[in-house]
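One structure is given here, and the rest of the page talks about it.
The figures that follow rest on heavy atoms only: side chains count, while hydrogens, waters and symmetry mates do not. All values reported here derive from a predicted model rather than from experimental measurement.
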Amino acid sequence: MPSFLKRLLFCILVSIYPELFAAKVSIDPGEWGDPLGEECVSCHEKSSSGLTRQWRKSAHAEAGVNCLDCHKASVDDNDAITHEGQVIATIVSPLDCSRCHTVEYEQQKGSVHSEAVSIIENRLPALAGHVGGDAIVAAGCDQCHGSRVVIRGDGSLDPRSWPNSGIGRINPDGSKGSCSSCHGKHRFSKAQAREPSACVRCHSGPDSPDKAIYEASKHGMQYEAHRDEMALDSDSWVAGKDYVAAPTCVTCHMGAAGKLKANHDVGMRNMWSLNTPVSEKQYLVVFEDGEKMELPASQSPPKRGSEINKTDGSLGKVKAVATPKRRRQAMQLVCLECHSKALTESFMDQFDDVVKLFNEKFGTPAKQIMQALYSEELLTPAPFDEPIEFTYWELWHDEGARARHGASMASANHTWWEGMYLVGRNFYSRFLPQVKEVAGSERADTLIRKYVKSSDHHQWLEQPQRSNPILGYDVGRQADE
Ligand code: HEC
Ligand code: HEC
Ligand code: HEC
Ligand code: HEC
Ligand code: HEC
Ligand code: HEC
Ligand code: HEC
Ligand code: HEC
């Protein structure tokens, strides 16, 4: 069917059955389907035909949204190029998508995801630069976090900063993120984005092994067995209503459940900071302009209407503050679609107890000892040039994060064997001996007595032992005989 006919049909259908079109589009169908876009399609049927064929299968092609509707640029844009007589840009940024999808754009705008570049920039020199190098930034970090896209003199994109579809990429128009990080181009499908695989290409690795955690959980088990009941293709996708077989990452972190609405801000329902040396509960501060910021619950929350510094240092007026409790309640609303209140709350207690255990037993003492070693100049100020710095970093960043993520998403394996077991092993058998190497045994003993042995969690070090399982359990004997 010629595309103008498709568009006409689309307009008619929208006006008769608006509910058929779940994706709410913020402008009128009359404002897209630029006839000049037909030329892009016909030539790109031959040149890079794969992407054109992907587009043909998309909801966009179905609705008559063509290449030019997305790639059109204004001559003033710093990444504008003249291409076959048209002014276009290669990058279609979240702001460009927002012309038609205002709601998703506004939600994504102030989210944790959109801060993924800012959050690493101050640590890049140490982690990427010292341990890795420039090539790692472009092909590693930026692929997940996003780059600051650099435009060369002729309007083309600098290969040191593109391609990537990093989740917080800073685009030439100043907007952050890239919608194609979850919605692969040029299909831009919502069904595909609901799959766990939309998240796991970034959420895998030592500090965010959420793919492995999910697969190892009962939720992953049920998803695997009942994938055909997940209604991934459905327009409406409400947990408890349209599907009940299992939750995916999206269900818990962004999906609709019962009365809870879907949201493109993945951080809203998370109460803790889990990827930190010591976890803290966090407020979510929402500013009038839609920007957001997290603050530790140990500080007193800002008042509505007051002006405070935002993440970038500029002043912002506080519109609303979500307490850690509210954020937890939102997450629990998801669980309650499939589980009882008792199971949900007891599970959360088990999770919170693991976080507290990590904090008290390992996170806080290790941090205090490291602070002492730095302030007494027993370590050089340069990060990552001494063995104990790697041990400490991995303690909270690798196995420490894994234990906490494992407990939050119900993988017993990651909570214990891949998580807290390694934390304990490395704390006792690497970290403490390395403190002695660095500080000498006398100073080390004082530090360990002050920060470690003073805590109930480590009393066992001083007590006579009833059993020793290290040699294994002999057949027919009790381990503690
Ligand atoms: C010119 C308007 C326009 C622009 C620009 C636009 N879209 Fe769309 N989008 C639409 C229309 C129309 C639909 C189809 C609505 C429907 O079928 O309910 C749609 C549907 C979608 C869907 C749902 C697809 C599905 O599987 O049902 C996604 C996801 C989406 N767009 C993402 C994007 C992204 C990402 C961008 C920017 C890269 C973008 N859109 C730019 C108009 C636009
Ligand atoms: C973190 C992954 C992720 C990112 C990034 C993302 N989306 Fe989505 N998007 C999803 C998921 C998952 C769904 C399906 C949600 C559902 O049905 O619960 C979706 C659905 C949509 C829909 C269909 C909404 C509907 O009501 O049918 C549109 C339109 C859309 N996204 C546009 C965008 C735009 C525009 C951006 C960039 C500003 C974007 N998305 C970025 C994951 C993402
Ligand atoms: C006469 C053929 C032709 C027409 C018409 C055409 N293109 Fe292209 N386009 C090409 C070729 C050839 C390339 C280069 C392909 C390559 O490098 O592999 C290209 C490259 C591109 C690129 C990548 C640019 C870059 O270097 O980053 C984009 C984006 C693009 N075209 C979009 C469009 C859009 C949008 C239209 C419609 C306004 C359009 N094209 C019309 C042939 C065409
Ligand atoms: C819904 C909006 C949308 C539509 C419609 C669309 N594009 Fe794109 N296109 C994008 C986005 C988003 C990117 C990714 C740019 C980036 O962030 O790197 C992209 C990238 C590209 C690229 C460069 C990346 C690559 O894979 O080579 C080319 C070429 C391109 N588009 C051509 C086209 C052509 C030709 C059409 C029509 C058949 C088209 N686009 C339709 C949004 C769109
Ligand atoms: C495979 C994708 C991926 C790569 C590659 C990657 N990151 Fe990350 N990074 C993530 C994800 C996902 C998180 C969020 C973890 C969480 O909060 O659960 C994250 C978090 C972070 C954080 C915040 C706290 C933490 O967990 O450490 C910093 C800082 C960071 N990354 C820096 C970097 C740097 C620097 C590089 C490159 C040397 C890099 N990342 C490479 C995906 C990646
Ligand atoms: C392109 C890479 C990428 C993709 C795809 C991605 N994420 Fe992320 N995600 C990140 C990075 C990087 C961070 C850390 C950002 C930061 O701390 O600012 C992060 C952080 C998060 C957080 C932590 C929020 C918090 O409170 O600290 C959650 C939850 C999350 N992502 C869920 C998801 C889900 C669910 C999906 C899939 C629908 C997804 N992500 C897809 C890269 C990605
Ligand atoms: C059954 C619901 C559920 C599923 C499924 C789920 N998560 Fe989570 N996730 C949680 C809960 C609960 C937390 C802890 C929230 C808090 O901080 O209170 C969490 C924490 C996280 C965090 C850590 C945020 C931080 O503070 O650093 C990330 C990242 C994350 N999830 C990503 C994912 C990804 C990716 C998937 C899919 C592979 C996934 N989740 C599947 C419920 C879920
Ligand atoms: C869409 C439905 C659905 C949602 C939403 C959901 N779950 Fe589940 N959950 C299941 C299914 C199905 C199972 C496997 C059946 C079973 O319990 O044996 C399961 C199993 C579990 C188990 C294992 C219980 C056991 O006996 O081993 C825990 C714990 C759990 N879920 C916690 C949660 C939490 C916490 C949330 C919310 C953050 C949540 N679930 C959200 C469907 C769901």
request  = Please report the C-alpha distance between S118 and K176 in whole Å, then the side-chain angles of each, then the deciding distance to 0.1 Å, and finally whether the side chain to side chain contact (heavy atoms under 4.5 Å, CB included) criterion is met.
outcome  = CA-CA 10 Å; S118 339; K176 292 179 188 167; 4.3 Å; yes
task = Check the pair H339, T344 against side-chain hydrogen bond (donor to acceptor under 3.5 Å, both in side chains), reporting the backbone distance first and the verdict last.
result = CA-CA 6 Å; H339 296 293; T344 303; 5.9 Å; no
K109/E106 under side chain to side chain contact (heavy atoms under 4.5 Å, CB included): CA gap, chis, key distance, verdict = CA-CA 5 Å; K109 200 171 106 190; E106 289 296 334; 3.8 Å; yes
request  = Please test Y214 against M409 for side chain to side chain contact (heavy atoms under 4.5 Å, CB included), starting from the C-alpha separation and ending with a verdict.
outcome  = CA-CA 7 Å; Y214 180 71; M409 292 177 273; over 6 Å; no
task = Go through the steps to decide whether K72 and V87 satisfy the test side chain to side chain contact (heavy atoms under 4.5 Å, CB included), and finish with yes or no.
result = CA-CA 6 Å; K72 193 171 0 198; V87 180; over 6 Å; no
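Ion pairing between E215 and K211 holds under the 4.0 Å rule for side-chain N and carboxylate O. Ion pair R227/E195 flagged as a salt bridge, since at least one NZ, NE, NH1 or NH2 atom sits closer than 4.0 Å to an Asp/Glu carboxylate oxygen. Between R402 and D210 there is no salt bridge, since no side-chain N of the basic residue sits under 4.0 Å from a carboxylate O of the acidic one. With respect to E399 and R404, no salt bridge is recorded, no charged nitrogen being found less than 4.0 Å from a carboxylate O. Look at K310 and D312 and you find no salt bridge, because none of the NZ, NE, NH1 or NH2 atoms lies under 4.0 Å from a carboxylate O. Ionic pairing of D142 and R148 is not present here: no N-O contact between side-chain nitrogen and carboxylate oxygen is shorter than 4.0 angstrom.
Judged purely by atom type and a 3.5 angstrom limit, S161 has no side-chain atom pairing as donor or acceptor with the backbone of V149. Using a distance-only test at 3.5 Å, with no hydrogens or angles considered, a donor-acceptor pair links the side chain of D69 to the main chain of N66. The backbone N or O of G184 sits less than 3.5 Å from a side-chain atom of Q192, completing a donor-acceptor pair. The main-chain N or O of G168 is never found under 3.5 Å from a side-chain atom of S114 such that the two would form a donor-acceptor pair. With hydrogens and angles disregarded, no donor-acceptor distance shorter than 3.5 Å links the side chain of R160 to the backbone of A135. Looking at W55, its side chain does come within 3.5 Å of a backbone N or O of V65 through a donor-acceptor pair. Side chain of S111 to main chain of D265: no donor-acceptor pair is present (N/O by atom type, distance under 3.5 Å, no hydrogens or angles). The main-chain N or O of N359 is found under 3.5 Å from a side-chain atom of T364 such that the two form a donor-acceptor pair. With N263 contributing its side chain and M268 its backbone, the two residues share no donor-acceptor pair below 3.5 Å. Looking only at distances, a side-chain donor or acceptor of Q143 sits under 3.5 Å from a matching main-chain atom of A138.
Put simply, the side chain of R430 does not reach to within 4.5 Å of the side chain of Y392, judged on heavy atoms. By the 4.5 Å heavy-atom criterion applied to side chains, V286 and V321 are not counted as neighbours. With a 4.5 Å cut-off on side-chain heavy atoms, V150 and L157 do not count as touching. Counting heavy atoms from C-beta outward, D77 and P172 have side chains that stay 4.5 Å or more apart. Contact check for N171 versus L95: no side-chain heavy atoms found under the 4.5 Å cut-off. In this structure the side chain of Y243 reaches within 4.5 angstrom of the side chain of T251, judged on heavy atoms. D96 places a side-chain heavy atom less than 4.5 Å from the side chain of D173. Proximity of S180 to F188: side-chain heavy atoms (C-beta onward) are separated by under 4.5 Å at one or more points.
Checked by atom type, the side-chain pair S165/R201 shows a donor-acceptor distance below 3.5 Å. Under 3.5 Å, the side chains of E280 and S273 contain no donor-acceptor pair of N or O atoms. For the 3.5 Å distance criterion, the side chains of H405 and N275 qualify, holding a donor opposite an acceptor. Side-chain contact, Q108 with H113: no donor N or O sits under 3.5 Å from an acceptor N or O. Counted by atom type alone, T380 and D385 present one or more donor-acceptor pairs between their side chains at under 3.5 Å. Side-chain N/O atoms of Y451 and Q371 include no donor and acceptor closer than 3.5 Å. A donor-acceptor pair shorter than 3.5 Å cannot be found between the side chains of Y105 and S175. For the residue pair R425 and S429, no side-chain donor N or O sits within less than 3.5 Å of a side-chain acceptor on the partner. Side-chain N/O atoms of S234 and D242 include no donor and acceptor closer than 3.5 Å.
Few gaps surround CD on Q299; more than 12 heavy atoms of other groups in view lie less than 6.0 Å from it. By the neighbour-count criterion of 12 heavy atoms within 6.0 Å, atom CZ of R328 is densely surrounded, having more than that number from other residues, nucleotides or ligands. For N309, the CG atom is densely surrounded, since the number of other residues' heavy atoms within 6.0 Å is greater than 12. For K319, the NZ atom is loosely surrounded, since the number of other residues' heavy atoms within 6.0 Å does not exceed 12. For CZ of R152, the number of neighbouring non-hydrogen atoms (other residues, nucleotides, ligands) closer than 6.0 Å is greater than 12.
Contact record, D233 with R194: C-NH1, 4.2 Å, taken as the closest heavy-atom pair. Contact between A245 and E229 at its shortest, heavy atoms only, is CB-OE1, 4.0 Å. Between A410 and S217, the shortest heavy-atom contact is O-CB, 3.3 Å. The two residues I88 and A73 make their nearest non-hydrogen contact at C-CB, 3.6 Å.
Aromatic pair W393/F384: ring centres closer than 6.0 Å.
One finds the OG atom of S346 at 15.0 Å from the CZ atom of F351 (value rounded to the nearest 0.5 Å). Rounding to the nearest 0.5 angstrom, the gap separating the NZ atom in K361 from the CE atom in M420 is 8.5 Å. Annotation: the span from H101 atom NE2 to Q107 atom CD amounts to 13.0 Å, rounded to 0.5 Å. Taken from OG1 in T391 to CZ in F427, the straight-line distance is 12.0 Å, to the nearest 0.5 Å. Distance CZ/F287 to OG/S314: 8.0 Å, rounded to 0.5 Å. The CZ atom of F431 sits 4.5 Å away from atom CD1 of I388, with the distance rounded to the nearest 0.5 Å.
Evaluated for a side chain to side chain contact (heavy atoms under 4.5 Å, CB included) with S408, the options V355, L274, N270, D352 yield exactly one hit, L274.
Ring geometry, H44 versus H83: the interplanar angle falls from 30° to 60°, so the pair is classed tilted.
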